[in-house]
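The structure under discussion appears below in the form of C-alpha cells.
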Amino acid sequence: MGVKKSLQTGGNLLNLLSSILSVLSTTTNYWIRQQKGHSGLWQECTHGKCSNIPCQTTLAVSAACMVLAASFSIIALGLGIRIQCQEAQSRRRNQNTIVLLFLSGLLLIIALAVYTSKNAWKPEVFFSWSYFFGWLALPFSFIAGFCFLLADMITQSTEAISGFPVCL
C-alpha cells in the first residue's frame, strides 16, 4: 500500500472516529452536570425527569453548529470512502472532502466555544462526557483533513512530474 492510500485510510479512520464522537456529543444530554441533574443541547434532566430546554440564542447556535459539524463529517466520510475505493479519483471530490473536514472542525470550535462561554462561569456546574466528546472530535476532524490534504498533494506532485523525462 502506497503512502497516498495509507493517508486516505488514516483520514477515513480518523473521520469515522470524529463522526461517531460528534454524533454522540450532539445527541446526548450530558454536557453539564449539576447537583440537581444534567443537561445537554436539547434537554435538561432534573431528579430523573427530562424536559426540553426553552430556546436560548447561545444554546441554539451551539446546537446548530454541532448538527452541521456532525453532518459535514458524515458526508466527508462517505466521500472519503468513495475516493479510497475508486482508483480514478476526481480532484474535485478530494477537495470537497478536505473542505468538509476543515469546516466540520471550525463548526465544532464555534459550537464548543459558545457553549463554554455560556456555562463556564456558573457556580457548581461541571462539564461532562458529552461536552468532552465534542472537544475530542475536534482534533480528529482536523487531522483527517490534513491526511486527505497530504494525499491530494502527493497526487498533484505525481501528476506534475509525470511529464518530465527522469532517469533514476
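- In terms of heavy atoms, Ser62 sits closest to Val114 at OG-CG1, 3.5 Å.
- The heavy-atom pair separating Cys147 from Gly10 by the smallest distance is SG-C, 4.5 Å.
- The side-chain hydrogen bond (donor to acceptor under 3.5 Å, both in side chains) search around Thr58 returns none, not counting sequence neighbours.
- With sequence neighbours excluded, the residues satisfying ring-ring contact (aromatic ring centres under 6.0 Å, His included) with Tyr115 are Trp31.
- Trp129 pairs by the ring-ring contact (aromatic ring centres under 6.0 Å, His included) definition with Tyr30, Phe133, not counting sequence neighbours.
- Counting only residues at least two apart or in different chains, side chain to side chain donor-acceptor pair (under 3.5 Å) contacts with residues 63-77 comprise Asn15-Ser73, Ser19-Ser73.
- One finds the CG atom of Leu16 at 7.5 Å from the CD1 atom of Ile81 (value rounded to the nearest 0.5 Å).
- With values rounded to the nearest 0.5 angstrom, Leu79 atom CG is found 12.0 Å from Gln95 atom CD.
- The CG atom of Leu149 sits 10.5 Å away from the CG atom of Leu101 when rounded to the nearest 0.5 Å.
- In this structure a side-chain-to-backbone donor-acceptor pair under 3.5 Å is missing from Ser141 to Ala137.
- Between Lys5 and Gln84, the closest heavy-atom pair is NZ-O, 2.7 Å.
- To the nearest 0.5 Å, atom OG of residue Ser39 and atom CG of residue Asn119 are 7.0 Å apart.
- Both Leu68 and Val61 are assigned to one and the same hydrophobic cluster, defined by single-linkage of ILVMFWY side chains at heavy-atom distances under 4.5 Å.
- Under the 3.5 Å distance criterion, the side-chain polar atoms of Ser25 are matched with a main-chain donor or acceptor of Ser130.
- In this view, Leu150 and Leu7, Met153 satisfy the side chain to side chain contact (heavy atoms under 4.5 Å, CB included) rule, not counting sequence neighbours.
- By the criterion of side-chain heavy atoms lying less than 4.5 angstrom apart, applied directly or through intervening Ile, Leu, Val, Met, Phe, Trp or Tyr residues, Leu136 is grouped together with Ile143 in one hydrophobic cluster.
- Here the CD1-CD1 distance, from Ile83 to Ile98, works out to 7.5 Å after rounding to the nearest 0.5 Å.
- Contacts of Ser117 classified as side chain to side chain contact (heavy atoms under 4.5 Å, CB included), with partners at least two apart in sequence or in another chain: none.
- No single ILVMFWY cluster, assembled from side-chain heavy atoms under 4.5 Å apart, contains both Ile20 and Leu138.
- In the hydrophobic clustering, where aliphatic and aromatic side chains (Ile, Leu, Val, Met, Phe, Trp, Tyr) are joined below 4.5 Å either directly or transitively, Phe126 stands alone.
- Following chains of ILVMFWY side-chain contacts shorter than 4.5 Å, one can reach Ile53 starting from Val67, so the two form part of one hydrophobic cluster.
- Closest non-hydrogen pair, Ala151 versus Gln8, comes out as CB-CG, 3.9 Å.
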Solution key, residues 103-111 side-chain donor-acceptor pairs under 3.5 Å, sequence neighbours excluded:
unit_1: Ser104; atom_1: OG; unit_2: Ala69; atom_2: O; d: 2.9

Can you give me every donor-acceptor pair (side chain of residues 40-52, partner residue at least two apart or in another chain, under 3.5 Å) with its distance?
unit_1: Trp42; atom_1: NE1; unit_2: Thr26; atom_2: O; d: 2.7
unit_1: Gln43; atom_1: OE1; unit_2: Asn29; atom_2: ND2; d: 3.1

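- A single hydrophobic cluster is not seen to contain both Leu77 and Met66; linkage of ILVMFWY side chains at heavy-atom distances under 4.5 Å, directly or through other members, places them apart.
- In this structure, Leu13 stands alone, with no Ile, Leu, Val, Met, Phe, Trp or Tyr side-chain heavy atom under 4.5 Å from its own, directly or through other members.
- The two residues Phe146 and Phe102 come nearest to each other via the heavy atoms N-CZ, 3.8 Å.
- Clustering of Ile, Leu, Val, Met, Phe, Trp and Tyr by side-chain heavy atoms under 4.5 Å joins Val23 with Ile74.
- The distance from atom CZ of Arg93 to atom CZ of Phe148, rounded to the nearest 0.5 Å, is 11.5 Å.
- Every side chain to side chain contact (heavy atoms under 4.5 Å, CB included) that Val125 has, sequence neighbours left out, goes to Ile32, Gln34, Lys122.
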